[in-house]
Chemist: 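Please see the structure below; I have some questions.
In what follows, every chain begins at residue 1, and chains take the letters A, B, ... in the order their sequences are listed. Only a predicted model underlies this, so the values are computations on that prediction, with no experimental measurement involved.
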Protein chains: 2
Amino acid sequence: MKTTSRKAEIIAEASQLFKEKGYSAVTVRDIAEAMGIKAASLYNHIEGKQEILSILILDLAKEFIKGMEDILKMKISPLQKIEKLIELHIDITVNQSEALAALNNDWMHMGADDVHHFVAMREAYEENFRNIIKEGISLGQLQPRHPEVILFSILSTLRTLYVWYQKRGKLDVNILKRDMVAVLIRGIV
Amino acid sequence: MKTTSRKAEIIAEASQLFKEKGYSAVTVRDIAEAMGIKAASLYNHIEGKQEILSILILDLAKEFIKGMEDILKMKISPLQKIEKLIELHIDITVNQSEALAALNNDWMHMGADDVHHFVAMREAYEENFRNIIKEGISLGQLQPRHPEVILFSILSTLRTLYVWYQKRGKLDVNILKRDMVAVLIRGIV
DNA sequence: GAACAAAACTAACACTTGTTAGTTTAATTT
DNA sequence: AAATTAAACTAACAAGTGTTAGTTTTGTTC
C-alpha cells in the first residue's frame, strides 16, 4: 500500500522550499537534504529540477481551469458565480498554498513550451472571469466600473491569499469565505 | 552636470531585470551585459549584488513609512486616510514598479540585518494601517468585519498592482485612483 | 600636456550549480 | 534462496556563480 510515491514526496518537499525562497534560490542539493538523501538520488525519480516546477504549476493551473468550467455550467447569476470563484480560490489556497506560490512567482522559470501553455491557460481563465463581470454589469447587478479594475482587485487578493493565510493563525475556512466574499463584493463601508 | 550617477544607473538597470526574473535568477553578468560593460566593472560602483537589492528595497520601504506618517498627521477621518493610502500606493506603483517587485518578492534574499530592518518596517506599517481600520469600525464608518480581512484584501491588491498596471495600457493615473478607491471601499455591487 | 580621478578592462579565484555514469544496498517477488 | 526491481550511493563533469587583483583606457582639471 503505497500512500504517496517517492516522486510525489520530492515534489511536496521541493514546493515548500520554493515557497520560502523562490525556485531559483533553491538548489537540488537543498531539496535532497530536506529529504535526507543525496542530490544525485533525486534523479532516479525526476527528470530534472524544472520538471518539479512544471508539475506543480501546470497541475494547479488545470485545477483552476476545471473549477472555472464547473462554475460556468451552473445555472446561477453572475454575482453568484463570482462568489463561487472566490470560494474556489480559497479552497485551493488552503490545501495547495505551496504550489500557488510557485504559480504566482516562478512560472517564468519553466521551459518555453510550458510557459506558453501556462500563459494560455491563465489568459483563458481571466477572460472567463472578465466575461462574468461584464455580464453582471450589463444586467445591472454590478456597479458600472471598469471591468478590468474589478477583475484585478478580486484576483490579486485571491492570488496572494496564500502569503497571508498561514501567517495569521489559520482561521476557519468558512469564516474566511464569508468575510472574504463580503469584503470583496460589498466593500468595507 | 551629472544627471544620474553610474551607481544609480546600475541599480535602475538591475531592478528591471529583477522584476522580470527575480533576484536569484539574475546574475551580475546579466546586469553588466545590460549596461554594455563587463561584470567586474560593476564593482567599481557597488559593493556587491546584495547591496543593489537592499538599496532598492529599503529606500522604497522608507518611502512607504514616510507616506504613512504624513497621512497619520492629517486631520481627516479614518475612511479618508484609507483613501489617501490607496493613492499613496498607486503613486509609488506608477513610478517605482521595479523596486516594488523586489520588495514584494525578494526581500528574503537581503542580508540578515537588512531583512530584520525590513520586516520591522513592514510590521509597523501594517500595524498603523490596521489601527486606522479599527478606528473606522469603532466609529461606525466601516463595516464590522474582521479587520485583518479588510487590511489584507486592500493591501494585497495594492501590492500587486505593479504586475497588472503596465500589462494593460497604462491607463490614466487619476482614473485608476478613482476606480480603485471606489472598488476597494464601496465594493462592486 | 602633465596629473589625476573615474571607469572600464583582462585574468583568474574558489565555490556552487544541475546533471550523468556506474555501482551498491534494500526491499519485494518468484 | 534466487531473481528482480526500487532507491540509494560515490565520483565526477562542465558550466556558471560572485568576487578580487592588478592594469589600461577615458575623461577632466590644472
Chemist: So if I take residues 41-49 of chain B and measure heavy-atom distances to DNA chain D, which residues fall below 4.0 Å?
Modeler: B/Y43, B/G48, B/K49

Chemist: Check side-chain contact (heavy atoms from CB on, under 4.5 Å) between B/A182 and all other residues, then give those that pass, not counting sequence neighbours.
Modeler: A/R145

Chemist: Using heavy-atom distances to pick each residue's nearest nucleotide on DNA chain C, tell me which of A/Q50 and B/A39 is more 5'.
Modeler: B/A39

Chemist: Looking at residues at least two apart in the chain, or sitting in another chain, which of them share a side-chain contact (heavy atoms from CB on, under 4.5 Å) with A/A124?
Modeler: none

Chemist: Please enumerate all residues that pass salt bridge (Lys or Arg N to Asp or Glu O under 4.0 Å) together with B/K19, with sequence neighbours excluded.
Modeler: none

Chemist: Restricting to ring pair (Phe, Tyr, Trp, His ring centres under 6.0 Å), what partner residues turn up for A/H89, sequence neighbours left out?
Modeler: A/F64, A/Y125

Chemist: Taking any atom under 4.0 angstrom from a heavy atom of chain B, which nucleotides of DNA chain C are the first and last to qualify, 5' to 3'?
Modeler: C/dA7 to C/dA12

Chemist: Once ring pair (Phe, Tyr, Trp, His ring centres under 6.0 Å) is applied, do any residues pair with B/H146, and if so which ones, sequence neighbours excluded?
Modeler: none

Chemist: For A/Q96, give me all partners under side-chain contact (heavy atoms from CB on, under 4.5 Å), at least two apart in sequence or on another chain.
Modeler: A/L60, A/E63, A/I92, A/A99

Chemist: Just to be sure I understand the geometry, which residues of residues 7-37 of chain A put a non-hydrogen atom under 4.0 Å away from DNA chain D?
Modeler: A/R29, A/I37

Chemist: In chain order, what residues pass the ring pair (Phe, Tyr, Trp, His ring centres under 6.0 Å) check against B/F129, with sequence neighbours excluded?
Modeler: none

Chemist: Please enumerate all residues that pass side-chain contact (heavy atoms from CB on, under 4.5 Å) together with B/K84, with sequence neighbours excluded.
Modeler: B/I71, B/M74, B/I76, B/E87

Chemist: Using the test ring pair (Phe, Tyr, Trp, His ring centres under 6.0 Å), find all partners of B/F118 that sit at least two apart in sequence or belong to another chain.
Modeler: B/W107

Chemist: Decide whether B/N44 and B/S41 meet the rule of one side-chain donor and one side-chain acceptor closer than 3.5 Å.
Modeler: no

